[in-house]
Amino acid sequence: MQAFREHTGVVVPLDRVNVDTDQIIPKQFLKRIERTGFGEFLFYDWRFSGDGSKIADFVLDQSRYQGATILIAGKNFGCGSSREHAVWALADFGFRVVIASSFADIFANNSLKNGLLTVRLAEEQVTEIMRRAKERENYRLTIDLQKLRVDDGQGFSAAFAMDEFSRHCLLNGLDDIGLTLQHEAAITAYEAQHPVRPTMKNILAG
Amino acid sequence: MPPRTLFQKVWDAHVVTAHDGQSPLLYIDLHLVHEVTSPQAFDGLRANGRRVRQPVRTVATVDHNIPTTPRGLPIIDPIAARQIEALQKNCRDFGVPLFDMDSAEQGIVHVIGPELGITLPGMTIVCGDSHTSTHGAFGSLAFGIGTSEVEHVLATQCLPQKKPKTMQIEVRGKLAEGVTAKDLALGIIGQIGTDGATGYVIEYTGEAVRGLSMEGRMTLCNMSIEAGARAGMIAPDETTFAYAQGRRFAPKGKDWDDAIASWRLLATDPGAKYDRVIEINAAMLAPFVTWGTNPGMVVAVNARVPELQSFTQEADRRAAEQALTYMDLKPGTPIERIAVDRVFIGSCTNSRIEDLRAAARVARGHRVNPKVRAMVVPGSQAIKHAAEQEGLDRVFLEAGFEWRESGCSMCLGMNPDILQPGERCASTSNRNFEGRQGRGGRTHLVSPMMAAAAAVTGHFTDIRKWKFE
């Protein structure tokens, strides 16, 4: 996993609440069996009309937000389907950070596994960043995961929280399967005490 | 030991290790796998030279993108076919049991787990699908995960998990005639919102919940994710045991007796505390219809599309306005005046035998409105077979419904079953998100009876006034 320590980038405001993962990456793009190449289909139905032509005014494609790496959106971002493809699409498009006042649980977990930082701020702080990102050209934020701070160098600064283990994994880009396998002895002991029920053993026989 | 909740008991029984500074490591009893969220996980195993740690605790099927046309026909979509072939190969290579396309056990992953007796009380169950919450109906801790976590469970049979908070939803009183588990779920989400339970595991309690069949409980727990919950759970009782007994992979003989004895201990202890408690009065519930683009945008069938002024929060008002534009609806329109083009009866929410019986009872002796195309998609091959034994297929076919093969179908439209732009659908599925059932499609979530009634009349119709044949 890509480590995350500090990042500075242009902020693009997606001023909607309850952005679900069906919007982030529509179902027709879930049939790929690779992890890559999802970025071009990000927010597809909002970015492209039925005939495949670009919808000019969608915020992500406005020239002033080109190259943005930080997405800010309304509450409950990433709700709905568990599809990790949503995170792959955001990361593949170039996003390193999503800021919102709340995230759906599965989306937040999936982000963590891919080095995409989800930053939770208070509703008023999100509104303020959203306002600045709309009003100021080339509006940039710095997100510092070591200090747990968001700062725009123009008077806006805020602290955010993250559980210590997730932060540790992100800062060091740790493969958490590797971490779990360090507990091999404990897993084996648990399995010895909790054997598979006899009827399930037949399932392999078909 | 202090009194514990159902959740706490299942959690405690599955903690492998809890080290300072790390999330507790939870053992996973059952990992359900399907074609869409697993290929990258198996590739991850290959890239790291890892095996599937417990193939007998892993069960795969194909459901999300298979066609619901007769099984002998080829899969026309080459990308879907490639994904199905990938699952077949992955299951072969890693020794994972697979209920394939042509199998008598094939079905929606959340339907076949319970129906085969694989899902039982007190387990931890995960799947790369958010509606894994369905299995909580048995008093298991069951939740959806992403593909990285699928890989993690394949490799280790464990998951590091932050401990969620607990929420009790106590439903007082009985559900009225025509008000189903689906309406209860929609009523709850309408009240607490689509993020009302984010970070929580819900335990459903109370007379109305106890009164639900296992099918109804699965519908209720299934929709927990639509309130943002990590999982939904219902303590196992005689209804649970009666459902599970004798199923193919359920324990037998003395093992069964021992299992029941241990499951009886799972119920929440008197005096156990939840982090949050919500009370719902069953008498306040009605058959519900969603009007917007998330499941929390819902009103009773005899109500109207809400006025924009009724939203106090600016963000909610704007969301409602966007939703009404997408849905092509005007505030104040009576729900019963909204006409539908399509009807979909199916999905992991409402495709079980009881759902089909309820819909058939409404359809019996009627004809589908000529302006409506209606389809019934059983949740599994076993349900399809059982329904045919009962003659439900004849009821549907004679009324003019399509009777199709099992799968996820138009719930998410990954297969050819999709809405055309602008089409309006009464659907028994779980999500009315923009484009969910097809780009530009307009989805209204309802119960199976309400869907069948809409198919017949051509518009939403209060099932409480229905004249059953």
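We name chains A, B, ... by the order of the sequence lines, and we start the count at 1 in each one.
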Checking heavy atoms, do the side chain of [X], its backbone, both or neither come under 4.5 Å from chain A?
| X | value |
| --- | --- |
| B:R57 | side chain |
| B:V59 | side chain |
| B:A80 | both |
| B:Q322 | side chain |
| B:I145 | backbone |
| B:I118 | both |

Please classify the contact between [X] and chain B as side chain, backbone, both or neither, with a heavy-atom cut-off of under 4.5 Å.
| X | answer |
| --- | --- |
| A:E34 | both |
| A:Y190 | side chain |
| A:F107 | neither |
| A:S102 | side chain |
| A:S166 | side chain |
| A:H85 | side chain |
| A:T188 | both |
| A:R35 | both |
| A:D175 | side chain |
| A:V17 | side chain |
| A:D176 | both |
| A:D163 | side chain |

Between A:G74, A:P198, A:S81, which residue shows the highest count of heavy-atom pairs closer than 4.5 Å to chain B?
A:S81
Under a 4.5 Å heavy-atom cutoff, which of A:Q193, A:K75, A:E164 has the most pairs with chain B?
A:K75
May I ask you to decide whether B:D255 forms a salt bridge with A:R197, counting only side-chain N to carboxylate O separations under 4.0 Å?
no
Could you tell me if the side chain of [Y] sits less than 4.5 Å from the side chain of [X], heavy atoms only?
| X | Y | value |
| --- | --- | --- |
| B:V36 | A:K27 | no |
| B:S429 | B:Q437 | yes |
| A:L60 | A:Y65 | no |

Looking just at side-chain N and O atoms, do B:D417 and B:S409 make a donor-acceptor pair shorter than 3.5 Å?
yes
Per-residue tally against chain A (heavy atom, under 4.5 Å) across B:I84, B:D43, B:L120 peaks at B:L120
